[in-house]
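This report concerns only the one structure given below.
Within every chain, numbering begins at 1; the chains are lettered A, B, ... in the order of the sequence lines, protein sequences first and strands thereafter. These figures come from a predicted structure and were not determined experimentally.
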2 protein chains.
Amino acid sequence: MNSPKRATSKEHGPVKGGAAVTADLPTATALKLWVVLARSHDAIVEVLKADIDRHDLTIAEFAVMEALYHKGPQLLGEIQKRILVSSGGMTFLVDRLAKRGLAERQNCQSDRRARYAALTKKGDKLMQSIFPEHAAVIHKAMKGLKQSEQRELTALLKTLGKEAGRLAAETPACKAAMAEQE
Amino acid sequence: MNSPKRATSKEHGPVKGGAAVTADLPTATALKLWVVLARSHDAIVEVLKADIDRHDLTIAEFAVMEALYHKGPQLLGEIQKRILVSSGGMTFLVDRLAKRGLAERQNCQSDRRARYAALTKKGDKLMQSIFPEHAAVIHKAMKGLKQSEQRELTALLKTLGKEAGRLAAETPACKAAMAEQE
DNA sequence: TATGTAACTCTCACTACTGAGATACTAATG
DNA sequence: CATTAGTATCTCAGTAGTGAGAGTTACATA
C-alpha cells in the first residue's frame, strides 16, 4: 500500500470518547473530497501493485522503466522529477535495474556530471510484453466510469492538481529559499 | 512524497530512442485519467506532508491520531484497516505515539486478544490545536475548484473508487484464498 | 468437552526509500 | 584566470514501513 490515509468522516459532535469537531461547509466539502480522492487513489495503486508484483518489480522500478520506455533515454534528474523520488532513491533504482540487466547508464558527452539512463534490449522487451497488460489493468480499474465521465473527471483533477501543485512548489522550497536569503 | 508515479504521456509513436506504443482509445483515456489522478494526489500529499511535518509527525502517525480524534478509541485492527498499514506498522505506530505520550493502549475486557488505542489528554489537546489548521490547508489545496465542482468530483471519484476497491479486494486476497483451498 | 478455525496483536528480519552531505563538473562574473 | 555559485549524481547512515509467522484468545461445531 501507499501512504496511510485519513479516517475522517462526517460524524461530528461528541462520539464515545471522541472529540467534537466543527468545520464550516466549504472546509467540510474539501475534507470529504480529499478522503474520497485518497481512497480511490489507494485502491487503484493496490490493483496496479498486484499487477506489477507479478513481474518482480516495485512500483518505483516500474515507473522508471515506463518513463524510459515512453520517452527514451533521459538524465537521472529528469526521471527523478517525473516520478518523484529522492536523488538517492533515483541512483538506487537505476542500480537495481542495471543489476538485473533491464537498464543501463550512459555518459553524457556535453556534460560530464550528467548520466543518462536507458533501457537495455532486455528491458525494452520486458516492457513490450508487460505494458499492454498493465494498461489493460488500468482500463479495468477505471471501468466504473463511462468514458465521458472519465474525461470529465480528468479535467476536474487537472484543475485541482494544478492549484495544489502550485501550492506544493511554494511551500517547502519557499521555506528553504527564505532561510537561505538571511 | 508518496509512491512514485507514472510518467506516461500521450506521446505515441516512436520517440527518440523510445518505443512505439499503441493503445485503443478507451485505454488511452483510462491511462490519462490515472496519470492525472496520481499527480494531483501526490501534489496534495506533498502539501499536507509539509503541514504535518511542522508538528514532527509522519503522515501515518497523523492518520492514526486523526482516526482516534474523530472516532474515539478503537481496536488497533480497526485503525489498521482504516489507514491501510500493515499489522506490524500499526503496532509500531502506536508504540511511537505512546512513547511521545500522545496515545495509549487500553485492554479490552470482552476480548483479551484485542487492544484499544486511544488519545491521551496531551494527544487530544495536540489534535485540537492542529486539526483546524490542517483542515484549512486542505481547503486551500482544493481551492482551484468551486464548491459545486468539488462535489461533482467527489461523486465521480466515489464511483471510481468503489469499482477499483472491488477489484483490489478481489485480486490479492483471492490469490491467497485460492491457494489456501488446495 | 475437544478441536479446528478464525481473529487480534506483536515480533523480527528485511527492504525501499529519504535526506544530508560528498564529489565532480559547468557556467557566470569580476 | 580565479572565484563563486549552481547543477548533476552518488554515498551512506538512518528510518518508516512490510510481511511472514508466533503467541494468544475467542468461537463454532461435533
Side-chain angles (χ1 to χ4, degrees), chain A residues 1-5 42 45-46 49-50 52-53 56-64 74-81 83-100 103-117 172-173 175-177 179-181, chain B residues 1-5 42 45-46 49-50 52-53 56-64 74-81 83-100 103-117 172-173 175-177 179-181:
Chain A
M1 178 49 37
N2 219 345
S3 61
K5 279 300 117 41
D42 288 0
V45 166
E46 192 138 339
K49 196 151 64 175
I52 292 172
D53 239 38
D56 269 310
L57 291 168
T58 64
I59 294 207
E61 286 169 335
F62 185 82
V64 172
Q74 288 163 81
L75 297 180
L76 294 199
E78 292 181 278
I79 309 176
Q80 190 192 329
K81 271 172 227 147
I83 71 171
L84 303 173
V85 292
S86 64
S87 63
M90 195 60 235
T91 299
F92 182 59
L93 282 169
V94 176
D95 280 353
R96 246 177 8 195
L97 290 175
K99 210 171 286 173
R100 290 177 57 182
E104 62 191 2
R105 285 188 172 80
Q106 294 166 352
N107 291 327
C108 172
Q109 324 91 313
S110 66
D111 184 343
R112 281 187 305 179
R113 291 167 301 183
R115 332 248 338 242
Y116 286 103
K175 217 162 148 188
E180 277 331 71
Q181 293 196 0
Chain B
M1 177 52 36
N2 218 349
S3 60
K5 277 300 119 41
D42 288 0
V45 166
E46 192 138 338
K49 194 150 67 177
I52 291 172
D53 239 38
D56 268 309
L57 290 168
T58 65
I59 294 207
E61 286 168 335
F62 185 82
V64 172
Q74 288 163 81
L75 297 181
L76 294 200
E78 291 182 278
I79 308 176
Q80 189 192 328
K81 270 173 229 150
I83 71 171
L84 303 173
V85 292
S86 63
S87 62
M90 195 60 235
T91 300
F92 182 57
L93 283 168
V94 175
D95 281 353
R96 246 175 9 194
L97 290 174
K99 209 170 286 173
R100 290 175 58 180
E104 63 191 3
R105 284 188 173 81
Q106 293 166 355
N107 291 327
C108 172
Q109 325 90 311
S110 66
D111 184 344
R112 281 187 304 178
R113 291 166 301 181
R115 333 253 330 244
Y116 285 104
K175 216 162 147 189
E180 280 325 77
Q181 292 197 3

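- Residues A/Asp111 and A/Arg113 share a closest heavy-atom pair of OD2-NH2, 2.7 Å.
- Atom CD1 of B/Ile52 and atom P of D/dA16 are 14 Å apart (whole Å).
- Between C/dC10, D/dA16, C/dT18, one nucleotide has an atom nearer to the side chain of B/Arg115 than all others, and that is C/dC10.
- Of the candidate nucleotides D/dA26, D/dA16, C/dC8, D/dA16 has the atom nearest to the side chain of B/Phe92.
- Listed candidates were D/dA16, C/dT26, D/dG19. Nearest to the side chain of B/Thr58 is D/dA16.
- For the pair B/Ile59 CD1 and C/dC17 P, the computed distance is 16 Å after rounding to whole Å.
- Distance B/Glu46 CD to C/dT18 P: 11 Å, rounded to the nearest Å.
- Regarding contacts with the backbone of C/dC10, a side-chain N or O of B/Arg105 is found under 4.0 angstrom from either OP1 or OP2.
- Side-chain to base pairing of A/Arg113 with C/dT26: no donor and acceptor N or O lie closer than 3.5 Å to each other.
- Here the C1' atom of nucleotide C/dC25 and the CD atom of A/Gln109 are 15 Å apart, to the nearest Å.
- Considering only the side chain of B/Ala60, D/dG17 comes nearest among C/dT9, D/dG17, C/dG19.
- Over its full length, the helix from C/dT1-D/dA30 to C/dG30-D/dC1 turns its helical axis through 20°, comparing axes from the five pairs at each end and rounding to 10°.
- Of all non-hydrogen atoms in B/Gln80 and B/Val85, the two that sit nearest each other are CG-O, 3.1 Å.
- Residue A/Arg112 places none of its side-chain N or O atoms closer than 4.0 Å to OP1 or OP2 of D/dA8.
- The residue A/Gly89 sits close to a base: some heavy atom pair falls under 4.0 Å.
- In this structure, the CD1 atom of B/Ile83 is 14 Å from the P atom of D/dA16, given to the nearest Å.
- Rounded to whole Å, the distance from CE on B/Met90 to C1' on D/dG17 is 13 Å.
- Looking at every heavy atom in both residues, B/Leu57 comes nearest to B/Ile52 through O-CG2, 3.1 Å.
- Interface remark: the B/Ser87 side chain does form a donor-acceptor pair with the C/dC10 base, using a distance-only criterion of under 3.5 Å.
- Atom CG in B/Asp53 sits roughly 11 Å away from atom P in D/dA16 (whole-Å rounding).
- When each of B/Asp95 and A/Ser110 is assigned the nucleotide of DNA chain C with its nearest heavy atom, B/Asp95 is the one assigned upstream, toward the 5' end.
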Q: Please assess B/Glu61 against B/Val64 for the test side-chain contact (heavy atoms from CB on, under 4.5 Å), listing each intermediate value before the final yes or no.
A: CA-CA 5 Å; B/Glu61 286 168 335; B/Val64 172; 5.8 Å; no

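- Across the interface with DNA chain D, nearest-nucleotide mapping of A/Val94 and B/Asp111 shows A/Val94 to be the residue nearer the 5′ end.
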(Q) Does A/Arg105 form a side-chain contact (heavy atoms from CB on, under 4.5 Å) with A/Thr91? I'd like the steps, not just the answer. (A) CA-CA 10 Å; A/Arg105 285 188 172 80; A/Thr91 299; 3.8 Å; yes

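- Closest to the B/Thr91 side chain, of the nucleotides C/dG19, D/dG17, C/dT9, is C/dT9.
- Counting all heavy atoms, side chain and backbone alike, B/Ala60 lies closest to B/Ile83 at O-CD1, 4.2 Å.
- Here the closest non-hydrogen pair linking A/Met90 and A/Leu76 is CG-O, 3.6 Å.
- With DNA chain D read from its 5' end, the first of the two nearest nucleotides for B/Glu61 and A/Lys81 is the one closest to A/Lys81.
- When all heavy atoms of A/Arg100 and A/Asp56 are compared, the pair lying nearest together is NH1-O, 2.6 Å.
- Regarding B/Leu93, its CG atom lies at a distance of 12 Å from the P atom of C/dC10, rounded to whole Å.
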